[in-house]
Amino acid sequence: MKKVYIETYGCQMNVNDTEVVFSILAKEGYIRCRDMEEADVVMANTCSVRDNAEQRIRARIGLFNSLRRKNPDLVVGILGCMAERLKEELLASGMVDVVAGPDAYRRLPALIEGAFGGSRGIDVQLSRDETYADIKPLRTDSNGVSAFISIMRGCNNVCSYCVVPYTRGAERSRDAGTIVREACECFEAGYREVTLLGQNVDSYRWKGPDGKETGFAELLAMVAGVSPLLRVRFATSNPQDISEEVIRTIAAYPNICRHIHLPVQSGSDRILEKMRRRYTRDWYLDRVRLIREVLPGCGLTTDVIAGFCSETEGDHADTLSLFEEVGFDSAFMFAYSERPGTLAARKYPDDVPPEVKTRRLEEIIALQNRKSLESYRRDIGKTFEVLVEGPSKRNPEQLCGRTGSNKMCVWTDSVHEAGDYVTVEVEDCTSATLLCRLK
Ligand code: SAM
Ligand code: SF4
């Protein structure tokens, strides 16, 4: 039995893809290995969204190759977005034996076999219909409580800064029946939370053999119907596509978590248009108002990019004022990184100097840290139902778990275990954790 070690970079979708890859390889007799020194096959499932992600992975490819000194037969593979973006360039480096894009994982066993036989292999063909719907992911990066379920692949949006549509191809939705089946299997295996994944979940649409269409709101309701004890989360929503129907479906099911990740990217209409985001600042703020009206207490988080092409101090001030106005619970904040082949790279100069991008990013981070603390402080004195994820990393006498609104809680507890629901009262907080006691 050959041993396979895989490192995963980037988004939750990649974490789930790695689980799909392990499942495909397990059927051919490969076993998962957690120590790369012992592996026969070492692979990285990669991310191309920002240049620094790619640089980190390039350093890892160097390290993987140093393992060949001890094991000359070692097969080194690159999977995912970097494989798709760089294609033959990776093989030409002489450091990689197998290159497989996100839609080529069914061919991995053959590619790896070929590499053991001495021939380097590549498959970066993107597909119009591959969703790996029939493959039961081999859950790896899991606490046994929360699982990821991909509901669609690819993206049709072509935001001007983003490489994803080029590396993951056109959008396609997965058979709704297989999604519900996977959620049932997760529940039966003891999982108590599933996160439905897609780059733009609101455009999920599946047409069954009977011609009946299922949209995202219906899919949410179907998965929530698996059991009231199964929490349902989802990511990512797009501000232009999130519908009132979806927001009202969340309100109708207590087990659909009240948390929406709604990436805004910028607070300036001029920049949003250049980014080819199909909404304005006012539209975004209006969606936030609707969410808060229909779902009081709903967690709201976002992504933002500082220093996109031609961004002025005025545009940046618009982003800061939007962050001030909305008061997100937390945010993923990035400096713009030009990605070759994207519309922005072809059309717009990357003209905000690096030190200005860094300063603007730091200003957004400082503001968001203050807002996060305000948001967490507002919860002091409140009680929440929390799903136990396991022991807290910092203190083994404490357990940790999330509120429905996706805030991490810790509390002292020697009674409960992972998978239990408990009620806690918030006593204190940091800007990222609610410090609680068991009720
Ligand atoms: N599909 C999701 C959406 O539309 O918001 C997000 C996908 S992307 C993998 C995750 C985040 O990375 C984006 O929301 C954006 O903030 C950031 N991102 C994407 N391209 C970037 C770039 N070229 N430079 C910096 N950040 C980028
Ligand atoms: Fe990229 Fe935009 Fe698609 Fe998100 S919606 S993956 S940011 S192109």
Side-chain angles (χ1 to χ4, degrees), residues 8-17 45-55 80-82 84-85 102 126 148 150-173 195-204 216 234-242 260-268 271-279 284 287 300-311 319 322-323 328 330-352 354 357-358 360-361 364-365 368:
T8 306
Y9 294 86
C11 60
Q12 296 169 331
M13 194 75 108
N14 261 8
V15 173
N16 189 236
D17 277 4
N45 190 1
T46 60
C47 173
S48 287
V49 166
R50 283 167 292 278
D51 183 57
N52 56 11
E54 287 200 354
Q55 294 310 331
C81 290
M82 244 174 114
E84 194 62 49
R85 199 179 81 72
L126 286 171
F148 295 129
S150 289
I151 62 164
M152 58 209 293
R153 298 182 72 81
C155 183
N156 281 353
N157 270 341
V158 202
C159 302
S160 65
Y161 51 82
C162 185
V163 79
V164 169
Y166 306 93
T167 59
R168 301 189 76 97
E171 181 185 290
R172 62 224 103 118
S173 294
T195 305
L196 307 181
L197 296 178
Q199 295 297 349
N200 184 4
V201 288
D202 301 285
S203 63
Y204 174 86
F216 184 57
F234 57 90
T236 300
S237 304
N238 249 288
Q240 76 273 7
D241 291 327
I242 187 166
I260 299 180
H261 185 63
L262 201 63
V264 67
Q265 314 300 0
S266 170
S268 151
I271 293 294
L272 285 173
E273 198 183 337
K274 241 180 147 147
M275 287 177 160
R276 289 183 108 214
R277 300 290 284 183
R278 291 175 288 116
Y279 52 89
Y284 187 90
R287 289 284 104 171
L300 206 59
T301 55
T302 200
D303 294 349
V304 67
I305 298 176
F308 184 63
C309 313
S310 85
E311 188 189 72
T319 297
L322 183 132
F323 268 60
F328 296 106
S330 66
F332 294 110
M333 298 163 276
F334 310 105
Y336 172 58
S337 164
E338 186 178 82
R339 307 313 294 133
T342 57
L343 199 81
R346 282 181 274 136
K347 268 178 80 174
Y348 309 127
D350 180 13
D351 53 3
V352 177
K357 280 184 192 167
T358 307
R360 289 181 188 165
L361 179 62
I364 300 172
I365 292 172
Q368 181 50 45

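Positions are given from 1 along the sequence. Start at 1 and go down the list; that is how both ligands and their atoms are numbered.
Nearest non-hydrogen protein atom to atom 19 (C) of ligand 1 is Val49 CG1, 3.4 Å. Distance from atom 5 (S) of ligand 2 to its nearest protein heavy atom, with residue and atom name: Asn157 ND2, 3.3 Å. Among all non-hydrogen protein atoms, the one lying nearest atom 10 (C) of ligand 1 is Asp303 OD2, 3.8 Å. Nearest non-hydrogen protein atom to atom 1 (Fe) of ligand 2 is Cys162 SG, 2.3 Å. Counting protein heavy atoms only, atom 2 (Fe) of ligand 2 is closest to Cys159 SG, 2.3 Å. Counting protein heavy atoms only, atom 7 (S) of ligand 2 is closest to Tyr161 OH, 3.3 Å. For atom 6 (S) of ligand 2, the nearest protein heavy atom (residue, atom name, distance) is Gln199 OE1, 3.5 Å.
Among the atoms of Cys155, an N, O or S atom falls under 2.8 Å of atom 3 (Fe) of ligand 2.
The Val158 neighbourhood of ligand 2 comprises atoms 8 (S), with distances under 4.0 Å to a heavy atom of that residue. Taking every non-hydrogen atom of Pro165 and a distance limit under 4.0 Å, the qualifying atoms of ligand 2 come out as 8 (S). Residue contact check: Pro263 has heavy atoms under 4.0 Å from atoms 5 (O) of ligand 1. Each of the atoms 23 (N) of ligand 1 lies under 4.0 Å from some heavy atom of Arg339. Annotation for ligand 2: atoms under 4.0 Å from non-hydrogen atoms of Asn238 are 5 (S). Residue contact check: Arg277 has heavy atoms under 4.0 Å from atoms 2 (Fe), 7 (S) of ligand 2. Atom numbering of ligand 1 starts at 1 in the shown order; those under 4.0 Å from a heavy atom of Gln265 are 5 (O), 13 (C), 14 (O), 15 (C), 16 (O).
Between the side chains of Thr301 and His261, at least one donor N or O sits under 3.5 Å from an acceptor N or O. When only modelled atom types and interatomic distance are considered, Asn157 and Arg278 share a side-chain donor-acceptor pair under 3.5 Å. Defined by atom type and a distance below 3.5 Å, a donor-acceptor pair is missing between the side-chain atoms of Asp17 and Asn45. Asp51 and Gln55 are linked by a side-chain donor-acceptor pair at a separation below 3.5 angstrom, with hydrogens and angles left out of the test. A donor and an acceptor atom, one from each side chain of Ser203 and Glu171, are located under 3.5 Å apart.
The side-chain tip of Arg85 does not point at the ring of Tyr166 from less than 6.0 angstrom away and within 45° of straight on.
Heavy-atom distances between Asn200 and ligand 2 stay at or above 4.0 Å for every pair. Under a 4.0 angstrom heavy-atom cut-off, Gln12 registers as lying outside contact with ligand 1.
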Before giving the answer on side chain to side chain contact (heavy atoms under 4.5 Å, CB included), spell out for Val49 and Cys162 the whole-Å C-alpha distance, their side-chain angles and the decisive distance to 0.1 Å.
CA-CA 7 Å; Val49 166; Cys162 185; 5.6 Å; no
Assess whether side chain to side chain contact (heavy atoms under 4.5 Å, CB included) is satisfied between Lys347 and Lys274, documenting all intermediate values.
CA-CA 10 Å; Lys347 268 178 80 174; Lys274 241 180 147 147; over 6 Å; no
Working note: Arg168 + Cys155, criterion side chain to side chain contact (heavy atoms under 4.5 Å, CB included); need CA distance, chi angles, decisive distance, verdict.
CA-CA 7 Å; Arg168 301 189 76 97; Cys155 183; over 6 Å; no
Show your reasoning for whether side chain to side chain contact (heavy atoms under 4.5 Å, CB included) applies to Ser310 and Ile271.
CA-CA 8 Å; Ser310 85; Ile271 293 294; 4.1 Å; yes
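Ring-plane geometry between Tyr279 and Tyr284 is classed as tilted, the angle between the planes lying from 30 to 60 degrees on a 0 to 90 degree scale.
Residue Tyr161 touches ligand 1 through backbone and side chain together, judged by heavy-atom distances below 4.0 Å. Of the heavy atoms in Glu338, none comes closer than 4.0 Å to ligand 1. Residue contacts with ligand 1, taken as heavy atom pairs separated by less than 4.0 Å, involve Ala335 solely via the backbone atoms N, CA, C and O. Counting heavy atoms closer than 4.0 Å to ligand 1, residue Ile305 contributes side-chain atoms (C-beta onward) but none from N, CA, C or O. With a 4.0 Å heavy-atom cut-off, ligand 1 is reached by the backbone of Ser337 and by its side chain too. Residue contacts with ligand 1, taken as heavy atom pairs separated by less than 4.0 Å, involve Asn238 solely via side-chain atoms from C-beta onward.
Under 4.0 Å is where a charged nitrogen must lie from a carboxylate oxygen, and between Glu54 and Arg339 at least one such pair does. In summary, Arg287 and Asp241 do not engage in a salt bridge, as defined by a charged side-chain N under 4.0 Å from a carboxylate O.
Here Ile242 contributes atom CD1 and Phe216 contributes atom CZ; the two are 8.0 Å apart, rounded to the nearest 0.5 Å.
Among the atoms of Asn200, none of the N or O lies under 3.5 angstrom from an N or O of ligand 1. Ligand 1 has a nitrogen or oxygen under 3.5 angstrom from a nitrogen or oxygen of Gln199.
With ring centers used as reference points, Tyr161 lies 6.0 Å or more from Tyr336.
Within a 4.0 Å radius of atom 8 (S) of ligand 1, the protein contributes no non-hydrogen atoms.
Nearest-heavy-atom check against atom 17 (C) of ligand 1 across Arg50, Arg277, His261 picks out Arg50.
The two residues Thr319 and Val304 have their closest heavy-atom pair at CG2-CG2, 3.7 Å.
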